[in-house]
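Notes follow once the structure below has been shown.
Computation of the quantities below employed the complete heavy-atom set of this structure, encompassing side-chain atoms and omitting hydrogens, waters and symmetry-equivalent molecules. In this chain, residues are counted from 1 in sequence order.
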Amino acid sequence: DKRFGPGHLQSAVSMNNLASVLAGEGNFAEAEQLERKSIAIFAQKLPNSAELAAAYANLAGYLMAKNAPTEAVEWLRRAIMADEASGGAGTLQEAADLASLAQALRPSDASGSERALRRALSIYENRLGAASEQAQRVRNALAERQSGSKE
């Protein structure tokens with residue numbers, strides 16, 4: 001902020017990076033505050049960008065870490081919309097955000113969670129192949145959900 005002024009894009013990038021470091025140290029409260037500030041700048045300066053989508057997804061991760069899945073779901077939905085706006089539907093980042101959405105939805109919306117996983121699986125299979133590690137991980141999550149719902 002000192003160097004470029006408040007609200008500068010470089011400040012948002014720095015806040016985003018620092019938030020990731022703080023989250024890695026377990027300081028999710030401060031990471032969340034910084035991520036929210038970076039989102040405000042990215043939304044103004046780079047709407048519908050991969051940077052904004054990543055910041056949304058990061059914030060959702062911090063919210064999941066503090067056990068706020070309902071709020072995380074909303075930010076992940078924003079991330080997915082921004083993924084699609086910035087790179088078109090079917091990107092690997094969209095698939096990763098869909099898998100995160102499935103995790104956040106799992107306790108409250110089993111069918112929504114499954115739909116998100118199926119979309120993620122489709123993207124991974126189309127982009128990386130059916131045998132990819134990512135596709136297999138999603139298949140395992142789907143199988144776990146299906147076996148859990150039969151019990």
Members sharing Val21's hydrophobic cluster (side chains within less than 4.5 Å):
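Its cluster mates, by chain and number: none.
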Co-members of the apolar cluster containing Phe4 [side chain, <4.5 Å]:
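None; Phe4 is a cluster of one.
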Is Ile123 reachable from Ile80 through a run of hydrophobic residues whose side-chain heavy atoms are each under 4.5 Å from the next?
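Yes, Ile80 and Ile123 fall within the same hydrophobic cluster.
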Could you see if Ile39 belongs to whatever hydrophobic cluster contains Val13? Use Ile, Leu, Val, Met, Phe, Trp, Tyr and a side-chain cutoff under 4.5 Å.
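Looking at the clustering, Val13 is in the same group as Ile39.
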When you measure from the side chain of Ser122 to the backbone N and O of Arg119, does any donor-acceptor pair fall under 3.5 Å?
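Side chain of Ser122 to backbone of Arg119, a donor-acceptor pair under 3.5 Å: no, none is there.
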Positive for side chain to side chain contact (heavy atoms under 4.5 Å, CB included) with Glu35, one of Tyr56, Tyr62, Trp75
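Filter result, single survivor: Tyr62.
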If I take atom [atom1] from residue [X] and atom [atom2] from residue [Y], how far apart are they, to the nearest 0.5 angstrom?
| X | Y | atom1 | atom2 | result |
| --- | --- | --- | --- | --- |
| Leu18 | Ser11 | CG | OG | 12.0 Å |
| Thr91 | Asp83 | OG1 | CG | 5.0 Å |
| Glu32 | Leu22 | CD | CG | 12.5 Å |
| Ile41 | Gln10 | CD1 | CD | 10.5 Å |
| Lys45 | Ser38 | NZ | OG | 14.0 Å |
| Lys66 | Glu71 | NZ | CD | 6.5 Å |

Heavy-atom pair with the smallest gap, counting every atom of [X] and [Y]:
| X | Y | answer |
| --- | --- | --- |
| Asn58 | Ser20 | ND2-OG, 4.2 Å |
| Ala57 | Ala79 | N-CB, 3.9 Å |
| Ala120 | Ala99 | CB-N, 4.2 Å |
| Pro47 | Leu52 | CA-CD2, 4.2 Å |
| Ser113 | Arg145 | OG-NE, 3.0 Å |
| Ala135 | Leu121 | O-CD1, 3.5 Å |

pair [X]-[Y]: side-chain heavy atoms closer than 4.5 Å:
| X | Y | answer |
| --- | --- | --- |
| Phe28 | Leu63 | no |
| Leu9 | Leu46 | yes |
| Val138 | Leu98 | no |
| Leu101 | Val73 | yes |
| Gln146 | Glu114 | yes |

Electrostatic pair Arg106-Glu144, nearest N-O below 4.0 angstrom
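Yes, charged N to carboxylate O under 4.0 Å.
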Apply salt bridge (charged side-chain N to carboxylate O under 4.0 Å, His left out) to Glu125 and Arg139, showing your working.
CA-CA 10 Å; Glu125 287 179 340; Arg139 264 192 232 92; 2.9 Å; yes
List in chain and number order the residues that pass salt bridge (charged side-chain N to carboxylate O under 4.0 Å, His left out) with Arg78, two or more places apart in sequence or in another chain; answer none if no residue qualifies.
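Per chain and number, Arg78 pairs via salt bridge (charged side-chain N to carboxylate O under 4.0 Å, His left out) with no residue.
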One pair to check against side chain to side chain donor-acceptor pair (under 3.5 Å): Ser14 and Asn16. What are the steps and the verdict?
CA-CA 5 Å; Ser14 296; Asn16 183 273; over 6 Å; no
